[in-house]
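Comments concern the structure below.
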Amino acid sequence: MSTPTQNHGGNPTPSVDAARWPDVASLPGGISSRVRARAAAMLFRRNVNALDIRVEYPDGSLGGRRADELQPRMIVRRPDEFWRRLGSGGLIGFGEAFMAGDWSTDDLVGVLTPFATRAARLVPRALQPLRSLVLPRHPAAEENTTANTRSNIARHYDLSNEMFATFLDETMTYSSAVFDQLSPESPPAWADLADAQRRKIDRLLDLAGVGPGSRVLEIGTGWGELCIRAAQRGATVRSVTLSSEQRDLARRRVAAAGLSERVQIDLLDYRHVQGSYDAVVSVEMIEAVGEKYWSTYFSTIDSVLAPGGRVAIQAITMPHDRMMASRNTHTWIHKYIFPGGQLTSVPALRAVVRRHTELGLTHGISLGPHYAETLRLWRERFLAHSDEVTRLGFDQTFLRMWQFYLAYSEAGFRAGYLDVYQLVFTREPS
């Protein structure tokens, strides 16, 4: 059943399937939600007056530091609904309000980037200790136990291989690329992306010392491109994943490349891996591990790494203080995109390997601007192929959700709130 949304802003807003999107189709109720809505309205207006955006309200009033027409426009179409969602759900409500059409923009990244830049100051310092009392906590059902992790992974990666193919390049690589060069005057084009993904993979394989005869363990298969490139170097590869959709397509891609004798892809939790490997490689998989299990993740790697072996990991990170402040908060990204996910920080990774393994962090390089451009290309491609996505059975609310996710992530990297690192761990002294 689709619930039509009442529009106070002059433009049509989307209908929402209440069965599929119950928290988007409905609004928080009760006296508490009204009180929180008033507080959210005051806090929001105060914050946006420090941001380089132009906020337009239905009554003609404006918000933003300068509020001129050159700033990215955030159009609040239904302020009452927006305040109620924001007051009851914080950033979850902010994202749900976009999904519901309570606010819109013609420059989503431009609007979200100033918010990401000011993320640590959106809530006044005096109120920050109340976060745990006001904001939702992670559901127990999404903790990354061996019983839960596969369903967490499936909720994202098993959506549809065809859907991911609408915005990924021919390598089907769903992680930050590394472009040959970055220039504001000449940003990367779509035609550059596949080679940039291969460059990223080759750099990781080089960091891990993968060559002829190497025994390689990959944790998190994706759709198989790293397996293929490692095997083409003469390595033998075992790759583990918890996504049946990814495993099946990765196996087909490996077979089409004529490399099935060198590559084994298993539907297996990393905690159950055994054997001995000269190199362990993992690309943006630690984000799905969860802080509680970081020690298990690295202890498992330590236990299967052969003497003299190397570990190369690509990881999305955030500033350590922000990680500590938000570690227990259930966010919009958790609820709609990556259940059970948890970003780490470089100091946190350094500490966990020191306490729980014989490994040390011996090399690291930041690539955040490359991820911003990767996400831009994905977002543009996704929007250009939105008709194809709907033909696959995804509705308009899903399209708005995915647009928000890609823009939200891009804004985080553009603001420097997020980063991505290629890291090397060895048993050598750091």
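Hydrogens, waters and symmetry mates play no part in the numbers below; they use all other heavy atoms, side chains included.
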Give the intermediate values and the outcome of salt bridge (charged side-chain N to carboxylate O under 4.0 Å, His left out) for residues R118 and D52. CA-CA 11 Å; R118 194 177 167 80; D52 288 328; over 6 Å; no
Please report the shortest heavy-atom distance between S239 and T221, naming the atom on each side. OG-OG1, 2.6 Å
From CA spacing to verdict: salt bridge (charged side-chain N to carboxylate O under 4.0 Å, His left out), E373, R414: CA-CA 9 Å; E373 294 302 321; R414 295 203 182 280; 3.1 Å; yes
If you define the side chain from C-beta out and look only at heavy atoms, does anything of R310 sit under 4.5 Å from L207? no
side-chain contact (heavy atoms from CB on, under 4.5 Å) between R85 and W103, worked out: CA-CA 11 Å; R85 294 185 198 274; W103 67 273; over 6 Å; no
So does D192 get a backbone contact from the side chain of D195, meaning a donor-acceptor N/O pair under 3.5 Å? no
Backbone N or O of L43 within a donor-acceptor pair of the N47 side chain at under 3.5 Å? yes
Does a side-chain heavy-atom distance below 4.5 Å link V55 with F44? yes
Run the salt-bridge test on E380 and R376 with the 4.0 Å N-O cut-off and return the result as yes or no. yes
H385 side chain vs R381 backbone, donor-acceptor pair below 3.5 Å: yes
Exercise: identify the closest heavy-atom pair between G341 and H334: O-NE2, 2.7 Å
Sequence neighbours excluded, which residues qualify as side-chain contact (heavy atoms from CB on, under 4.5 Å) partners of D23? E96, K335, Y336
Would you say the side chain of V420 lies within less than 4.5 Å of the side chain of F413, judging by non-hydrogen atoms? yes
Can you tell if the side chain of I53 reaches within under 4.5 Å of the side chain of T105, non-hydrogen atoms only? no
Going by the angle between their ring planes, with limits at 30° and 60°, are F164 and F167 parallel, tilted or perpendicular? tilted
Classify the ring geometry of W378 against Y174: parallel below 30°, tilted from 30° to 60°, perpendicular beyond 60°. tilted
Without hydrogens or angle criteria, can the side chains of S282 and Y297 be said to hold a donor-acceptor pair below 3.5 Å? yes
Measuring from R271:CZ to I219:CD1, what's the distance to the nearest 0.5 Å? 11.0 Å
How close do R253 and T171 get, counting heavy atoms only, and between which atoms? NH1-O, 3.3 Å
Pick one: which of I201, L168, L193 meets side chain to side chain contact (heavy atoms under 4.5 Å, CB included) with T173? I201
Less than 4.5 Å apart, side chain to side chain, heavy atoms only: is that true for V389 and W402? no
Residues S214 and D278: side-chain donor-acceptor under 3.5 angstrom: no
Parallel, tilted or perpendicular: rings of F94 and F82 (30°, 60°): tilted
Which class fits the ring pair F404 and W332: parallel under 30°, tilted 30 to 60°, perpendicular over 60°? perpendicular
I need the L249 CG to R252 CZ distance, nearest 0.5 Å. 5.0 Å
Below 4.5 Å, heavy atoms only, C-beta onward: do F398 and M401 meet side chain to side chain? yes
Chi angles and distances behind the side-chain contact (heavy atoms from CB on, under 4.5 Å) call for T390, Q396: CA-CA 8 Å; T390 57; Q396 291 298 313; 3.7 Å; yes
Would T397 and V16 count as a side-chain contact (heavy atoms from CB on, under 4.5 Å) here? Give the steps. CA-CA 6 Å; T397 306; V16 177; 4.0 Å; yes
Start with the C-alpha distance between D206 and R203, add both sets of side-chain angles, then the distance that settles salt bridge (charged side-chain N to carboxylate O under 4.0 Å, His left out), and finish with yes or no. CA-CA 5 Å; D206 289 344; R203 177 180 289 187; over 6 Å; no
When you look at I301 and Y270, which way does the side-chain contact (heavy atoms from CB on, under 4.5 Å) test go after all the steps? CA-CA 9 Å; I301 290 173; Y270 71 89; over 6 Å; no
Euclidean distance, D102 CG relative to E81 CD, rounded to 0.5 Å: 5.5 Å
Nearest-0.5 Å distance, CD of residue Q197 to CZ of residue R229: 11.0 Å
Taking E245's backbone N and O only, do any of them form a donor-acceptor pair with N161's side chain (distance below 3.5 Å, no angle check)? yes
Is S326 reaching over with its side chain to a backbone N or O of T329, donor-acceptor style, under 3.5 angstrom? no
Consider side chain to side chain contact (heavy atoms under 4.5 Å, CB included). Of T362, V311, L305, which one does R427 pass it with? L305
Examine distances only and state if a side-chain atom of R54 and a backbone atom of G64 form a donor-acceptor pair shorter than 3.5 Å. no
Write down the atom of H370, the atom of A177, and the distance for their closest heavy-atom approach. CB-O, 3.3 Å
Taking the side chain as everything from C-beta on, heavy atoms only, tell me whether R65 gets closer than 4.5 Å to L51. no
Backbone N or O of G101 within a donor-acceptor pair of the R77 side chain at under 3.5 Å? no
Is any side-chain N of the basic residue among R199 and D202 closer than 4.0 Å to the acidic one's carboxylate O? no
Taking the side chain as C-beta and beyond, is there a heavy-atom pair between V48 and M74 under 4.5 Å? no
Between G234 and R262 the two heavy atoms that sit nearest each other are O-NH1, 3.0 Å
Atom pair CG (L367) and NZ (K200), whose distance is rounded to the nearest 0.5 Å: 9.5 Å
Atom pair OH/OG1 of Y277 and T236 - distance to nearest 0.5 Å: 9.0 Å
On a heavy-atom basis, which atom in Q274 and which in R238 lie closest, and how many Å separate them? O-NH1, 3.8 Å
